[in-house]
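Here is the structure we will look at.
Numbers here are sequence positions counted from 1. Keep in mind that what you see is a predicted model, and the values were worked out from it rather than measured.
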Amino acid sequence: MKKEIWGFYPPPIGGISIYCKRLAEKLHAMDDGIVMRNFSQSVSRCKGVIDVKNRLVEFLKLPFVSKRIIHAQFTNFYLLALLYLFGWRHEIVLTLHNRRIVLLEGWKRWVVNRLFGRAKRIIYNDPTYTAKLREKYDIDEEKIVLLPTYMAPDESEMKGLTPEIASFIKQHDYSLSSNAHRVINNVFGDLYGLDQLIVLMDRLVNGKHLDVGMVFCISEIFDHAYYNECLAQIERLGLMEHFCFVVNSPVNGFEVWANTDVFVRATMSDMEGVSVKEALHFGTPVVASDVCTRPKEAVLYKTGDADDLFEKVYPLLMERKRVVYTPEVRVEEEVMRIYSSLC
């Protein structure tokens, strides 16, 4: 039986696309019959990756192609709905990458509930959230597989920092890093916590008189009006020279985290945060919101509380200690076992 990963290959660079890339490469190396169908608009030109030219056509073909395992990595409701409508003859495996799916109501909830009923396995990475998922949807307990959505980068991915980023880090006594898939202010607030980072930098630079630089990596700005508001606030506080915004750049985020003193994950909603584990993998201390289960090596602060964020970051900057982190499992081997059980 054919085995396919359906997801997004970078760019854009984000936690989900990076996970899809690494999973696809590892699985294809183990079994060259496993391929990834790339639904992003970029062209991958990578072995084992098939670029999807027309998303709708790809779904419309499903009732007419041979039965296969489809491992979907979608967070977009409409892609999940298309998978439900046209993927009925195939063995469906779902990996859930965020919590927003439990917010669906009405007909959208009905569609997802039906898809969950059809799916053979549902991979989730947060044991504390499983109960909420099962309360919302009619999911058989034996379908749920708890598995991290993190895979460590390997040496082949190393590119080095750009001269601009390397120079920015070097010119400051202390350095922080953070990231966002997009700059957006929604029902959760500032989803990736840029507003909290501005408050943090104000207290460190203007309050504690520390020379701190913040490298903030963004896949896409998205909400330009809100982004400009944040820039205006940074300028009013005299912090422009202390921020380095890296927007839609091919630079590896994990190499930025590896070269800074502390990595901050200030998300208001999250499932795991690949970047958290990337930073820990390279020994960089992490301060992250307590919105979800995090590795025990990470220092947690109260979600959305900029004061608590400062209280956790400041001592880590002063200590400048590195951390030791070991991933729990080899994800690709566990995913391969799931595929084998369905063949």
Side-chain angles (χ1 to χ4, degrees), residues 2-29 34-62 68-84 86-87 90 92-101 112 115 119 122-125 147-153 157 179-184 191-192 217-222 246-254 267 269-278 331-332 335 339:
K2 291 184 178 180
K3 308 173 187 70
E4 299 182 351
I5 300 166
W6 285 33
F8 296 86
Y9 197 94
I13 296 172
I16 298 173
S17 64
I18 289 295
Y19 170 77
C20 289
K21 172 185 181 294
R22 292 174 185 162
L23 179 64
E25 289 174 351
K26 294 284 188 182
L27 292 179
H28 186 74
I34 298 176
V35 299
M36 175 180 175
R37 294 198 180 269
N38 173 30
F39 281 72
S40 73
Q41 295 179 348
S42 61
V43 178
S44 63
R45 296 190 177 91
C46 295
K47 190 176 182 180
V49 180
I50 301 170
D51 295 315
V52 173
K53 295 180 180 179
N54 186 306
R55 294 180 182 179
L56 179 58
V57 169
E58 204 67 37
F59 286 101
L60 291 174
K61 292 190 299 186
L62 284 178
R68 62 198 60 192
I69 294 173
I70 296 177
H71 185 179
Q73 310 283 335
F74 303 137
T75 58
N76 181 290
F77 164 76
Y78 295 101
L79 295 180
L80 292 173
L82 287 170
L83 185 60
Y84 165 68
F86 299 105
H90 302 284
I92 303 298
V93 177
L94 302 172
T95 292
L96 306 182
H97 289 278
N98 62 47
R99 298 180 171 193
R100 292 191 289 276
I101 202 162
V112 171
L115 176 61
I122 300 172
I123 299 174
Y124 210 58
N125 65 358
L147 190 63
T149 52
Y150 168 74
M151 302 180 73
E157 296 182 51
N179 67 329
H181 172 56
R182 54 177 50 167
V183 176
I184 184 170
L191 187 59
Y192 289 91
C217 298
I218 311 167
S219 296
E220 62 173 324
I221 293 175
F222 188 73
V246 182
V247 182
N248 193 25
S249 168
V251 67
N252 285 319
F254 64 81
T267 45
S269 175
D270 218 341
M271 272 288 287
E272 184 168 30
V274 169
S275 52
V276 168
K277 293 185 176 182
E278 285 180 335
V331 175
E332 67 274 17
V335 171
Y339 293 173

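Residues forming a ring pair (Phe, Tyr, Trp, His ring centres under 6.0 Å) with Phe8 (at least two apart in sequence, or on another chain): none. Residues meeting the salt bridge (charged side-chain N to carboxylate O under 4.0 Å, His left out) test with Lys47, sequence neighbours left out: none. Taking Tyr84 as the reference, Arg114 meet the side chain to side chain donor-acceptor pair (under 3.5 Å) condition, with sequence neighbours excluded. Under the rule for a salt bridge (charged side-chain N to carboxylate O under 4.0 Å, His left out), Arg100 has no partner lying at least two apart in sequence or in another chain. Partners of Val35 by side-chain contact (heavy atoms from CB on, under 4.5 Å), not counting sequence neighbours, listed by chain and number: Glu4, Ile50. Under the side-chain contact (heavy atoms from CB on, under 4.5 Å) criterion, Val93 pairs with Ile69, His71, Arg121, Ile123, Ile338, Leu342, sequence neighbours left out. Tyr19 is linked by a ring pair (Phe, Tyr, Trp, His ring centres under 6.0 Å) to His97, counting only residues two or more places apart in sequence or in another chain. Glu25 meets the side chain to side chain donor-acceptor pair (under 3.5 Å) test with Tyr9, Lys21; sequence neighbours excluded. Take Phe74 and apply the ring pair (Phe, Tyr, Trp, His ring centres under 6.0 Å) test, not counting sequence neighbours, and it matches Phe39. In this structure, the side-chain contact (heavy atoms from CB on, under 4.5 Å) partners of Cys20, at least two apart in sequence or on a different chain, are Ile16, Met36, Gln73. By the side-chain contact (heavy atoms from CB on, under 4.5 Å) test, Asn76 is found to be paired with Tyr78, Leu79, residues two or more places apart in sequence or in another chain being considered.
Asn38 contributes no side-chain N or O that, together with a main-chain N or O of Val52, makes up a donor-acceptor pair within less than 3.5 Å. No donor-acceptor pair under 3.5 Å is formed between the side chain of Arg68 and the backbone N or O of Lys3.
A salt bridge does not link Glu58 with Lys53: every distance from a Lys NZ or Arg NE/NH1/NH2 to an Asp or Glu carboxylate oxygen is 4.0 Å or more.
Residues Leu83 and Leu94 have side chains in contact (heavy-atom distance under 4.5 Å, counting atoms from C-beta outward).
Between the CG atom in Leu96 and the CG atom in Asn125 there is a gap of 9.0 Å [rounded to 0.5 Å]. Put simply, NE2 on His90 and CD1 on Ile70 are 5.0 Å apart, with the number rounded to the nearest 0.5 Å.
For the pairing with Ile218, the side-chain contact (heavy atoms from CB on, under 4.5 Å) check across Val183, Val246, Asn248 returns one residue only, Val183.
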